[in-house]
Amino acid sequence: MSANHSNHVVFFDTTLRDGEQSPGCSMTTQEKLTMAHALEDLGVDIIEAGFAMASEGDFAAIATITQAIRKPRIASLARAKTEDIEMAARSLQFADRARIHVFLASSDLHLEYKLKISRAQALDLCGESVRLARSLCDDVEFSPEDATRSERDYLVEMVRIAVEAGATTINMPDTVGYTTPEEYGQMFREVRERIPAIGEKGVVLSSHCHDDLGLAVANSLAAIQAGARQVECTVNGIGERAGNAAMEEIAAALYVRGDRYGVSTSIRLNQIYPASQVLGQLITFRPSPNKAVVGANAFAHESGIHQHGMLANPLCYEIMTPQLVGVDKTHLVLGKHSGRAALRHRLEQLGFTVGRDELQHVYYRFVALADRKKNIYDQDLIGLLPDAIRERRREPVAELD
Ligand code: KIV
Ligand code: ZN
């Protein structure tokens with residue numbers, strides 16, 4: 001069975017390349033190595049470790065990672081230029097399993113204004129650079145940059161040439177986050193149908209999405225449904241401008257909605273949150289609290305109706321357990337929207353048993369306090385309790401927050 005028709009989706013992590021090249025995210029070689037270990041633990045198949053030609057630091061980081069990381073394949077990015085490709089190959093010389101990733105724009109906008117070359121020149125460059133890369137490495141990925149804004153016949157022509165020149169993976173990037181799920185999926189179907197060699201040679205099609213319209217993950221999933229068997233993404237969705245497709249969201253969606261996608265991955269889901277935490281410590285910002293899967297509020301519930309439902313059966317308001325992705329537990333946050341059930345539950349955990357009338361009394365005081373204060377801590381709660389309740393305190397089952 002060719003790679004394209006297998007149901008295994010390869011995770012190509014570009015946190016250390018596309019992610020790292022965004023504001024506030026640059027990392028030293030040592031920091032990149034720390035993150036590479038977290039990515040290895042996470043089970044990603046390929047780590048894009050950097051852009052060797054970009055700086056000595058990037059070259060050093062790629063070379064260092066190839067010597068320390070053994071399980072994932074290591075990729076090094078190169079423009080369609082001889083010196084870039086040779087530099088990428090040198091940066092990978094110690095890798096057990098290496099990939100050279102060559103990219104070249106395919107949209108008229110990029111060819112005319114950025115590269116100032118004709119379509120015909122770009123096709124020549126594509127063939128020559130993929131052939132050169134293949135002479136240096138048996139695993140070569142080619143990306144027609146700005147694929148989603150490229151004229152379709154021309155894109156197909158460039159991909160055909162890259163496949164004939166020996167590319168083993170064709171990645172079609174939505175470089176500026178412009179496409180929609182239907183359109184992106186359709187592009188994958190069309191390219192595969194129009195280039196039979198993709199299926200015949202077992203060339204893997206890959207998605208690479210940016211989040212300018214907030215559609216990066218939806219677009220990546222649409223590509224998978226259309227036959228892409230590699231997905232490019234970053235931890236916490238870091239990356240140029242609004243970021244890249246978030247690795248944790250794609251992995252969680254493929255698992256939780258396995259009924260829709262029916263694909264397997266090598267991702268160790270319970271390493272998702274640890275990897276997110278490692279990255280947060282290495283760069284200048286953490287995911288926003290409401291970020292799916294890894295945000296501080298992703299498994300927190302404040303409203304009374306939700307807390308009541310959660311206490312009755314967590315499935316009422318959680319589609320996955322926090323433990324699935326490596327978060328220790330659900331947080332029932334006490335605030336002005338909370339109800340008596342959650343208040344009683346927390347007091348019980350802190351060792352205070354309250355009767356019905358007592359609860360009513362404490363609840364009124366709690367709501368009055370919550371109206372004035374954004375965060376209610378355990379000490380605040382204890383401060384609301386009448387002496388009679390405090391004196392009956394048992395051994396708590398939870399630590400104070
Ligand atoms: O977004 C993009 O087009 C890229 C390529 C280099 C793959 O990051
Ligand atoms: Zn990108």
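Sequence positions, counted from 1, serve as the residue numbers for this chain. All ligand and atom numbering here is 1-based and tracks the order in the structure.
Here the shortest heavy-atom distance to atom 7 (C) of ligand 1, taken over H101, H110, E141, belongs to H101.
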For S264 and V9: C-alpha separation, side-chain torsions, deciding distance, then whether side chain to side chain contact (heavy atoms under 4.5 Å, CB included) applies. CA-CA 6 Å; S264 59; V9 173; over 6 Å; no
Assess the residue pair K81 and L125 against the criterion (side chain to side chain contact (heavy atoms under 4.5 Å, CB included)); give the C-alpha distance rounded to whole Å, side-chain angles, the decisive distance to 0.1 Å, and a yes or no. CA-CA 8 Å; K81 290 174 179 259; L125 267 180; over 6 Å; no
Are I305 and Y317 close enough, and set up right, to give a side chain to side chain contact (heavy atoms under 4.5 Å, CB included), and what steps lead you there? CA-CA 10 Å; I305 294 169; Y317 287 105; 3.7 Å; yes
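In terms of N/O distances under 3.5 Å, ligand 1 is approached by T175. The N/O atoms of E232, backbone and side chain alike, include none that comes under 3.5 Å of an N/O atom in ligand 1. In terms of N/O distances under 3.5 Å, ligand 1 is approached by D18.
For the Zn ion (ligand 2), the neighbouring protein N/O/S atoms at less than 2.8 Å, given as residue and atom, are D18 OD2, H208 NE2, H210 NE2.
Within ligand 1, counting atoms from 1 as listed, the ones closer than 4.0 Å to a heavy atom of E145 are 3 (O). Heavy-atom proximity to H210, at under 4.0 Å, picks out these atoms of ligand 1: 1 (O). Interface atoms of ligand 1 facing H208, defined by a heavy-atom separation under 4.0 Å, are 1 (O), 2 (C), 4 (C), 7 (C), 8 (O).
Using a cut-off of 4.0 Å between Lys/Arg side-chain N and Asp/Glu carboxylate O, R73 and D45 are scored as not salt-bridged. Ion pairing between E40 and R70 fails under the 4.0 Å rule for side-chain N and carboxylate O. Taking 4.0 Å as the cut-off between side-chain N and carboxylate O, R119 and E151 count as a salt-bridged pair. One finds a salt bridge joining D58 and K32 here, because a Lys/Arg side-chain nitrogen approaches an Asp/Glu carboxylate oxygen to under 4.0 Å. A salt bridge between D139 and R97 is absent, with no side-chain N of the basic residue lying under 4.0 Å from a carboxylate O of the acidic one.
None of T234, V231, L42 except one satisfies the side chain to side chain contact (heavy atoms under 4.5 Å, CB included) rule with M247; the exception is L42.
Closest of all the heavy-atom pairs between K114 and E145 is NZ-OE1, 2.6 Å.
Heavy atoms of R17 come nearer than 4.0 angstrom to ligand 1 in at least one pair.
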